[in-house]
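This report concerns only the one structure given below.
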Amino acid sequence: MGKMRLAVTKNVATQYVGHLDFGRSLERALRRAKLPVALSEGFNPHMKISFGPALGVGVASRAEYVDVELSAPVDVSEFGARLTAQLPPGLTFVAARSIQSSASLAAALNVADYQAEVGIEPEPAVLLRARSAAAAFLTAEKVIYVRHTPKGEKSLELKQYLMGQLTIEAGAGVVKIGFRLRMTTAGAVKPQELLATLVSQFDFPAGPVACTRTGLWHDTGAEMKTAFDI
């Protein structure tokens, strides 16, 4: 019967909710909304739902994309209204579209946009320091971040994941930094890892950080497509 592709925000109240718990919360909302979600076969049937790239813990999002396989037709506006009424605080329905695509969201969405707000007054000297740090990062031949895991250390070359520039802007009591990261089959870097490297290796102004994933894209090599266009 096709699929419904939807976008849901995660605000700061749910930024520490992990990917599995986010999925469970959405399943419960779909169940309470009595939407016609298709179920798998077998002894323990489950909803046929697939998610886009997992959002890191501690990061909010303007749009997390989810594919819901349907067992019966449902109007897009009705789907959105019924789901909105059942979503828990911190999750907000944004949009939905009926699709026929078989493309995997997790595999297709390979580029992410982020904006981080550093809690420090954006005085001229602070902005100059932030922009100097960003410029030094961009002109460095390589930038290595060492990730510590229970299995040991892993060295990541951050610049191979960064697409484009680092943008620095002044906000209300914060310094905003925007950037775009590539996600590859070999892995990805967390926005917090890039920000920590800017502070530790390039003297970026330190302060409390609030990070938001502002967009997800499918990079075909020739163009950037949204989740609703693949």
Side-chain angles (χ1 to χ4, degrees), residues 1-10 19 22-23 26 48-56 59-70 76-77 79-80 92-117 130-131 133-145 147 154-169 176-195 197-198 202 211-230:
M1 299 302 300
K3 297 179 183 178
M4 191 71 72
R5 178 163 293 171
L6 57 136
V8 178
T9 68
K10 285 181 69 179
H19 185 66
F22 165 64
L26 187 61
K48 292 187 175 182
I49 304 174
S50 56
F51 296 85
L55 184 68
V59 182
S61 174
R62 291 184 186 170
E64 292 301 288
Y65 294 96
V66 185
D67 280 351
V68 178
E69 191 167 332
L70 302 175
V76 171
S77 59
F79 186 100
T92 304
F93 173 79
V94 178
R97 183 172 298 176
S98 179
I99 64 167
Q100 299 297 324
S101 172
S102 60
S104 164
L105 279 174
L109 296 175
N110 54 7
V111 172
D113 290 337
Y114 294 93
Q115 183 180 84
E117 296 185 350
R131 290 181 175 126
F137 181 101
L138 292 170
T139 55
E141 183 176 350
K142 288 185 178 181
V143 179
I144 304 298
Y145 175 85
R147 179 185 291 167
K154 181 179 181 180
S155 295
L156 302 170
E157 205 292 281
L158 299 187
K159 294 194 69 175
Q160 68 176 323
Y161 297 100
L162 180 69
M163 297 179 67
Q165 301 295 308
L166 297 166
T167 62
I168 308 295
E169 298 178 355
K176 298 180 180 181
I177 175 169
F179 50 95
R180 174 172 282 180
L181 295 177
R182 191 191 317 273
M183 295 174 283
T184 72
T185 54
V189 298
K190 301 174 184 178
Q192 297 97 322
E193 293 172 336
L194 185 145
L195 294 167
T197 302
L198 280 168
F202 297 95
C211 190
T212 300
R213 185 154 76 181
T214 58
L216 281 167
W217 305 89
H218 173 54
D219 181 12
T220 68
E223 61 178 331
M224 304 287 279
K225 293 185 174 182
T226 73
F228 288 130
D229 293 328
I230 57 176

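For clarity, every value in this text was computed on a predicted model and none was experimentally measured. Note that the numbering runs from 1 along the sequence shown for the chain.
Heavy atoms only, all atoms of each residue included: L138 and L166 are closest at CD1-N, 4.1 Å. Nearest heavy-atom pair, D67 versus A103, reported as atom, atom and distance to 0.1 Å: OD2-O, 4.2 Å. For V59 against P191, the heavy-atom pair with the smallest separation is CG2-CG, 4.1 Å. Between A108 and I230, the shortest heavy-atom contact is CB-CD1, 3.5 Å. Listed here is the closest heavy atom pair of F51 and G23: CZ-CA, 3.6 Å. Across all their heavy atoms, L195 and A116 have their closest contact at CD1-CB, 3.7 Å.
Residues passing the ring-ring contact (aromatic ring centres under 6.0 Å, His included) test with Y161: none are found, sequence neighbours excluded. Every side-chain contact (heavy atoms from CB on, under 4.5 Å) that E223 has, sequence neighbours left out, goes to T220, K225. Scanning for salt bridge (charged side-chain N to carboxylate O under 4.0 Å, His left out) contacts around R62 gives an empty result, with sequence neighbours left out. Not counting sequence neighbours, T214 has no partner by the side-chain hydrogen bond (donor to acceptor under 3.5 Å, both in side chains) test. Shown here are the salt bridge (charged side-chain N to carboxylate O under 4.0 Å, His left out) partners of R131, two or more places apart in sequence or in another chain: there are none. For E117, there are no salt bridge (charged side-chain N to carboxylate O under 4.0 Å, His left out) partners at least two apart in sequence or on another chain. When the side-chain contact (heavy atoms from CB on, under 4.5 Å) test is applied to T167, no partner is found at least two apart in sequence or on another chain. By the side-chain hydrogen bond (donor to acceptor under 3.5 Å, both in side chains) test, D219 is found to be paired with no residue, residues two or more places apart in sequence or in another chain being considered. The ring-ring contact (aromatic ring centres under 6.0 Å, His included) check on F79 picks up nothing, with sequence neighbours excluded. In this structure, the ring-ring contact (aromatic ring centres under 6.0 Å, His included) partners of F202, at least two apart in sequence or on a different chain, are F137. Residues satisfying the side-chain contact (heavy atoms from CB on, under 4.5 Å) test with S77, not counting sequence neighbours, are D75.
To the nearest 0.5 Å, atom CG of residue L156 and atom CD1 of residue I144 are 8.0 Å apart. Taking CD of Q115 as the reference point, atom CZ of F179 lies at 9.5 Å (rounded to 0.5 Å). Expressed to the nearest 0.5 Å, how far CG of L198 lies from CD1 of I168 amounts to 7.5 Å.
Side chain of R5 to main chain of I99: no donor-acceptor pair is present (N/O by atom type, distance under 3.5 Å, no hydrogens or angles).
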Handout entry: Y65/L109 under side-chain contact (heavy atoms from CB on, under 4.5 Å): CA gap, chis, key distance, verdict
Key = CA-CA 9 Å; Y65 294 96; L109 296 175; 4.1 Å; yes
Practice task
Take Y114 and L194, measure what side-chain contact (heavy atoms from CB on, under 4.5 Å) needs, and give me the verdict at the end.
Solution key: CA-CA 11 Å; Y114 294 93; L194 185 145; over 6 Å; no
Practice task
Take V143 and E157 through the test side-chain contact (heavy atoms from CB on, under 4.5 Å) and record every step on the way to the result.
Solution key: CA-CA 6 Å; V143 179; E157 205 292 281; 4.2 Å; yes
Exercise for the section: Report the C-alpha separation of H218 and N110 in whole Å, then their side-chain angles, then the decisive distance to 0.1 Å, and conclude whether the side-chain contact (heavy atoms from CB on, under 4.5 Å) test is met. Expected result: CA-CA 5 Å; H218 173 54; N110 54 7; 4.2 Å; yes
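Among residue pairs with one or both ends in residues 178-192, those qualifying as side-chain hydrogen bond (donor to acceptor under 3.5 Å, both in side chains) are D113-R180; sequence neighbours excluded.
More than 12 heavy atoms of other shown residues, nucleotides or ligands fall within 6.0 angstrom of atom NZ in K159.
With a 4.5 Å cut-off on side-chain heavy atoms, V68 and L26 do not count as touching. A heavy-atom distance below 4.5 Å is not found between the side chains of M224 and D229.
In this structure, K10 does not pair ionically with E64, as no charged nitrogen and carboxylate oxygen lie closer than 4.0 Å.
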